[in-house]
Structure formats: structure tokens, C-alpha cells
Amino acid sequence: MLGLFYPELQQQTGEKLLWFSEFNTFQVVLGGDGAPFGKDDMACACWRVACMCKVFSTFGKVSTDDYDDPKETFGSGKHKWQPWPYSCRLKVAKEVAKVKETVEKQKINAKGKRQKVTDFIASQKRRQEFVPLIGSFVDRVHVEPLHPKNNACQQHFKEILYDSIGKSGLRTTVTKFDSVPVASPFSKLVNSLEKRGLGRLAKRVKCWFNETSGSGKDIQYRFTSQDSRLFLKNFMHLIDALKQHLDSVHQVFHLNVFTYIEIQMRQSVSLFVELLMLTRKI
């Protein structure tokens with residue numbers, strides 16, 4: 001609507017939209033799934049599906065089932081992970097619409113209907129629920145540093161979290177977070193998250209443990225830009241929470257691996273941002 005309003009306003013009043021030194025030009029940032037980004041780097045909650053944590057990329061066919069294969073690559077042609085062309089997005093979106101029509105006729109509650117829809121989307125190994133708002137222009141989108149940074153931090157935090165639970169040696173009777181020993185690595189990790197400004201993540205970890213007792217279903221949490229920044233800034237405090245006086249050589253080595261990964265991630269993020277800044281200056 002705004003795209004139609006301002007040219008019409010110019011014709012009627014002579015006034016022009018001036019934004020970033022360009023007349024009547026809009027600059028809009030959209031995710032690969034068509035959802036716009038909102039203020040403070042928070043993705044606009046236009047839609048959320050359960051498969052987002054499993055199929056975490058909006059740009060290509062990558063999922064938690066195969067994302068950790070270091071020998072594979074992403075790209076068009078003879079690559080394992082392929083980008084999503086507009087034609088594929090359109091096909092999946094139309095199939096989702098058909099599923100919604102079928103499910104809507106079934107005599108089940110709203111939650112059950114939604115579950116069937118999200119299960120279908122996940123079975124397609126896609127995150128495309130709707131037709132992209134920008135049409136075929138979606139093929140021209142590119143990955144901002146926000147995406148690889150957040151995804152990397154999110155995946156690595158899971159490894160740290162699961163390691164803290166494994167090292168805590170919790171009894172089977174411990175099914176709620178309030179029963180977790182305060183001196184355990186798991187409790188110390190959550191406490192460290194709260195101290196370092198990652199309270200929302202800490203709250204999600206507690207809820208997840210209360211629901212699953214730390215086994216079975218993976219934790220589902222989407223890292224924001226702020227989460228990633230605080231995670232990379234304070235990673236040594238989080239790793240320090242995992243330390244124990246009686247750590248074996250293998251356990252110490254594992255902590256060193258975590259540290260090395262975090263250092264490399266920080267350097268990688270710095271390079272991503274630097275390259276983006278240089279590109280904008282050209």
C-alpha cells in the first residue's frame with residue numbers, strides 16, 4: 001500500500017519520499033521465508049512452525065539431521081545442500097494450502113489441526129508455509145551475517161547444555177529443575193546464563209527440563225542477535241560453569257574443544273561483518 005501511496009502523493013502535492021538519498025525508494029529486509037525483520041533484530045512473528053528448529057535455514061535444504069557433515073557443501077549444482085528456488089517454495093506453499101483445507105474439515109481442536117499442518121511442512125524438509133511476499137525476487141535474497149551467527153550459536157549452545165547435564169550425573173528421580181543440585185554443572189550453567197544477561201534462554205532451559213527431564217525431545221529455542229552477542233562475549237563464563245575438580249583428561253579436552261570452537265566462531269563473525277561493511281562502502 002505504501003508503494004502506491006507515495007507516488008500518488010507526489011503527483012497530487014509534489015512532495016517526494018526521500019529515504020537514504022534515494023527518491024521514492026523503499027529498503028525492506030525480508031527473511032528467506034518471506035517474513036520481515038522487525039526492530040532490534042527481532043524477526044517479526046508473522047508465523048512460527050514447530051519445524052523451524054529442525055529445518056533452521058530459510059535459504060536452503062539444511063536440517064539438524066545432516067548439518068554437521070564437514071565434508072559436504074552448500075550451493076547449486078553438485079552440492080548436498082541446495083538453495084530453495086522460487087518454484088519449489090511455490091509448490092510447497094500450495095501443498096500446505098491443500099493440507100489446511102483438508103485439516104479444517106476434520107473434527108479436532110485448533111491445536112491438533114495446527115500440529116498436522118506443521119508436521120506436513122516438516123515432512124517436506126522446508127519452512128515455506130506461505131507464498132513468498134516478494135514473489136520470484138526471493139531467489140535474489142542473500143544470507144546476512146545474522147543468520148549464520150545465530151544458527152551457529154544456537155547449535156553450539158545445545159552441545160554445551162547437553163554436556164552439562166551429562167556431567168551432572170542426575171538421578172532418575174530428578175525430573176524438575178528445582179530438584180537439580182546447585183553445585184552441579186547443569187545448575188551452574190543456567191545460573192551463569194542468568195548472570196550474563198541471557199535470562200530468556202535460561203528460562204527456556206528450565207521449562208524444557210521440566211517438560212522432558214532432560215531426555216528425549218531436543219530443546220527448541222531460536223537465538224536472537226542479542227542472544228548470540230552475549231553468548232559469544234561470555235562463552236568462557238559458561239564453559240567455566242562446566243568445570244569440576246575431578247574432571248578426567250577426556251573431560252578437560254572436551255572443554256578445550258568448546259573453547260576453541262567459540263574462539264573460531266567469534267573470529268568468523270568478525271570477518272562476516274567486516275566483509276559486509278566493505279561491500280557497502282564500494
Side-chain angles (χ1 to χ4, degrees), residues 1-5 26 28-67 74 76 80-144 146-148 150-151 154-155 158 200 203-204 207-208 210-212 216-225 227:
M1 294 299 294
L2 287 176
L4 298 174
F5 171 74
F26 291 89
V28 181
V29 181
L30 298 173
D33 47 22
F37 294 161
K39 68 177 292 188
D40 301 327
D41 293 329
M42 294 291 288
C44 179
C46 297
W47 62 276
R48 295 187 179 276
V49 296
C51 62
M52 286 178 67
C53 290
K54 182 178 181 62
V55 186
F56 53 87
S57 174
T58 60
F59 297 93
K61 191 177 180 181
V62 186
S63 71
T64 54
D65 292 333
D66 58 6
Y67 73 94
F74 174 85
S76 301
K80 178 175 182 178
W81 300 304
Q82 299 285 327
W84 292 350
Y86 174 67
S87 58
C88 180
R89 295 175 185 271
L90 199 60
K91 180 181 178 181
V92 173
K94 289 182 178 179
E95 292 297 326
V96 172
K98 292 180 181 179
V99 171
K100 286 182 177 180
E101 292 181 2
T102 302
V103 170
E104 191 61 32
K105 300 176 182 178
Q106 298 177 358
K107 296 182 179 180
I108 54 178
N109 58 32
K111 183 177 181 180
K113 293 179 180 179
R114 185 59 184 169
Q115 184 65 49
K116 287 195 173 186
V117 173
T118 56
D119 286 345
F120 173 77
I121 298 174
S123 70
Q124 302 299 303
K125 296 185 177 179
R126 296 289 191 274
R127 281 180 53 180
Q128 201 69 43
E129 180 173 5
F130 305 106
V131 175
L133 297 176
I134 57 176
S136 60
F137 284 104
V138 74
D139 286 340
R140 302 177 64 179
V141 301
H142 64 278
V143 182
E144 292 278 3
L146 169 68
H147 286 79
N150 289 355
N151 288 336
Q154 175 182 317
Q155 300 302 329
K158 286 185 179 181
R200 195 166 70 97
K203 182 178 180 180
R204 180 65 193 115
C207 292
W208 166 76
N210 289 339
E211 295 170 357
T212 66
K217 182 180 179 182
D218 281 345
I219 184 173
Q220 296 186 357
Y221 181 85
R222 296 289 294 176
F223 263 62
T224 64
S225 180
D227 291 331

Taking only residues two or more places apart in sequence or in another chain, which ones pass salt bridge (charged side-chain N to carboxylate O under 4.0 Å, His left out) with [X]?
X	result
E104	K113
K94	none
E95	K98
K91	none

Would you name the heavy atoms of [X] and [Y] that are closest together and state the gap between them?
X	Y	answer
R200	D227	NH2-OD2, 3.5 Å
Q128	R89	OE1-NH1, 2.8 Å
T224	N150	O-OD1, 3.4 Å

Residues that K203 engages under side-chain hydrogen bond (donor to acceptor under 3.5 Å, both in side chains), provided they are two or more places apart: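 K203 satisfies side-chain hydrogen bond (donor to acceptor under 3.5 Å, both in side chains) with no other residue.
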All side-chain hydrogen bond (donor to acceptor under 3.5 Å, both in side chains) counterparts of Q106, not counting sequence neighbours: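 So Q106 forms a side-chain hydrogen bond (donor to acceptor under 3.5 Å, both in side chains) with K116.
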For [X], which residues count as a side-chain contact (heavy atoms from CB on, under 4.5 Å) partner, sequence neighbours excluded?
X	result
N210	K176, F177
K217	T212, Q220
Y86	L90, V131, P132, S136, V138, D139

F223 CZ to K158 NZ distance, which is reported to the nearest 0.5 Å: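 F223 atom CZ to K158 atom NZ measures 10.0 Å (nearest 0.5 Å).
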D119 vs Q115, side-chain hydrogen bond (donor to acceptor under 3.5 Å, both in side chains): CA-CA, chis, key distance, verdict: CA-CA 6 Å; D119 286 345; Q115 184 65 49; 2.8 Å; yes
